[in-house]
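Please read these numbers as outputs of a predicted model, since none were measured by experiment. Residue numbering restarts at 1 for every chain, and letters A, B, ... go by the order of the sequence lines.
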Amino acid sequence: AQKVTQTQTSISVVEKTTVTMDCVYETRDSSYFLFWYKQTASGEIVFLIRQDSYKKENATVGHYSLNFQKPKSSIGLIITATQIEDSAVYFCAMREGLSSGSWQLIFGSGTQLTVMP
Amino acid sequence: EAAVTQSPRNKVTVTGGNVTLSCRQTNSHNYMYWYRQDTGHGLRLIHYSYGAGNLQIGDVPDGYKATRTTQEDFFLLLELASPSQTSLYFCASSGQNQAPLFGEGTRLSVL
């Protein structure tokens, strides 16, 4: 079965610095899709950024970017110039194809990020 | 604006009770999902659907039924609720190659 692992339970940083959150995955698929979401204190789950495995360039959206290392099955999330409001739980997820022909998202366990003044 | 709306936002019921959680999406998405989120387990897929009338079993389906009555509406049914089903429930929708969008969540307590 496919699997997504986030080993960092929590990270604390000072605002305006850069933080990297790790994620490794296991898959048998030759083509796959990876996503990062954040869950705010209110519980809302927000999509941030995605990486399609066939793309060699790392995705970037605003102050979020990805460090995609395909040989290591790794997809790190980098947040630059962190802000207090970036404090949240960050989830890595991978799209898994299913026998029905559809697909689902497999989630990691999440990393709690705290940004301090 | 793309949206996934869940109702109710909070629900309290008793063991053995009957509960229906509702989800409506206005994104014209084919795929809809029900997840539960528990401390220590992250997000786990209960049921999903890729169109009206279609239902598929997820990873933790026991004790749950689902119905997809239209492309917009996806319901999760707990016919004999148990305390182990106390959780935070999320509905999500997506297109074929899009990142799923999540609803605001429903907090369910089974006493």
Side-chain angles (χ1 to χ4, degrees), chain A residues 1-10 21 23 25 29 31-55 59 61 64 66 75 77 88-112, chain B residues 1-6 8-10 23 25 27 29-61 66 68 74 87-108:
Chain A
Q2 299 179 331
K3 190 177 177 182
V4 176
T5 303
Q6 295 178 254
T7 56
Q8 300 158 307
T9 305
S10 64
M21 284 174 269
C23 175
Y25 57 89
D29 295 340
S31 178
Y32 48 91
F33 304 88
L34 300 160
F35 306 89
W36 279 90
Y37 289 81
K38 81 175 198 181
Q39 187 171 29
T40 64
S42 68
E44 183 184 14
I45 298 175
V46 179
F47 166 66
L48 298 176
I49 190 169
R50 68 182 281 173
Q51 180 77 40
D52 299 348
S53 65
Y54 58 86
K55 293 185 177 178
V61 176
Y64 303 107
L66 297 177
I75 183 74
L77 174 68
V89 178
Y90 289 80
F91 291 98
C92 177
M94 178 171 64
R95 195 178 96 160
E96 174 188 59
L98 298 165
S99 58
S100 61
S102 60
W103 53 272
Q104 65 158 322
L105 276 186
I106 302 294
F107 284 87
S109 55
T111 298
Q112 170 72 58
Chain B
E1 183 179 319
V4 180
T5 304
Q6 293 181 232
R9 296 295 310 278
N10 292 280
C23 177
Q25 55 100 358
N27 310 318
H29 287 163
N30 289 331
Y31 294 90
M32 294 187 75
Y33 308 85
W34 278 106
Y35 286 89
R36 63 177 288 174
Q37 185 179 30
D38 306 286
T39 304
H41 291 282
L43 283 150
R44 294 181 291 175
L45 183 67
I46 305 170
H47 289 296
Y48 66 101
S49 165
Y50 52 79
N54 175 268
L55 290 171
Q56 302 292 328
I57 293 172
D59 296 326
V60 289
R68 180 91 179 266
F74 195 30
S87 187
L88 181 56
Y89 291 86
F90 285 98
C91 176
S93 74
S94 74
Q96 176 62 28
N97 289 315
Q98 297 169 330
L101 301 177
F102 283 78
E104 317 96 316
T106 295
R107 191 168 295 279
L108 174 66

Item to check | Value rounded to 0.5 Å, distance of CZ in B:Phe90 from CD in A:Gln39 | outcome: 4.5 Å
Item to check | Validation row: A:Phe107, B:Leu45 side chains within 4.5 angstrom (heavy atoms) | outcome: no
Item to check | Separation of B:Leu43 CG from A:Tyr37 OH (nearest 0.5 Å) | outcome: 10.0 Å
Checklist entry - Within a reach of under 6.0 Å around CZ of B:Arg44, are more than 12 heavy atoms found that belong to other residues, nucleotides or ligands? => result yes
Checklist entry - Does A:Leu105 offer a backbone N or O that forms a donor-acceptor pair with the side chain of B:Tyr33 under 3.5 Å? => result no
Item to check | Contact check, side chains of B:Gln98 and A:Phe33, non-hydrogen atoms, under 4.5 Å | outcome: no
Checklist entry - Between atom CD1 of A:Ile45 and atom CD of B:Gln37, what is the distance when rounded to the nearest 0.5 Å? => result 5.5 Å
Checklist entry - At what distance, to the nearest 0.5 angstrom, does CD1 of A:Ile106 lie from CG of B:Asp59? => result 5.5 Å
Item to check | Heavy-atom neighbours of B:Leu55 CG exceed 12 at 6.0 Å | outcome: yes
Item to check | Side chain proximity check, B:Phe102 to A:Phe47, heavy atoms < 4.5 angstrom | outcome: no
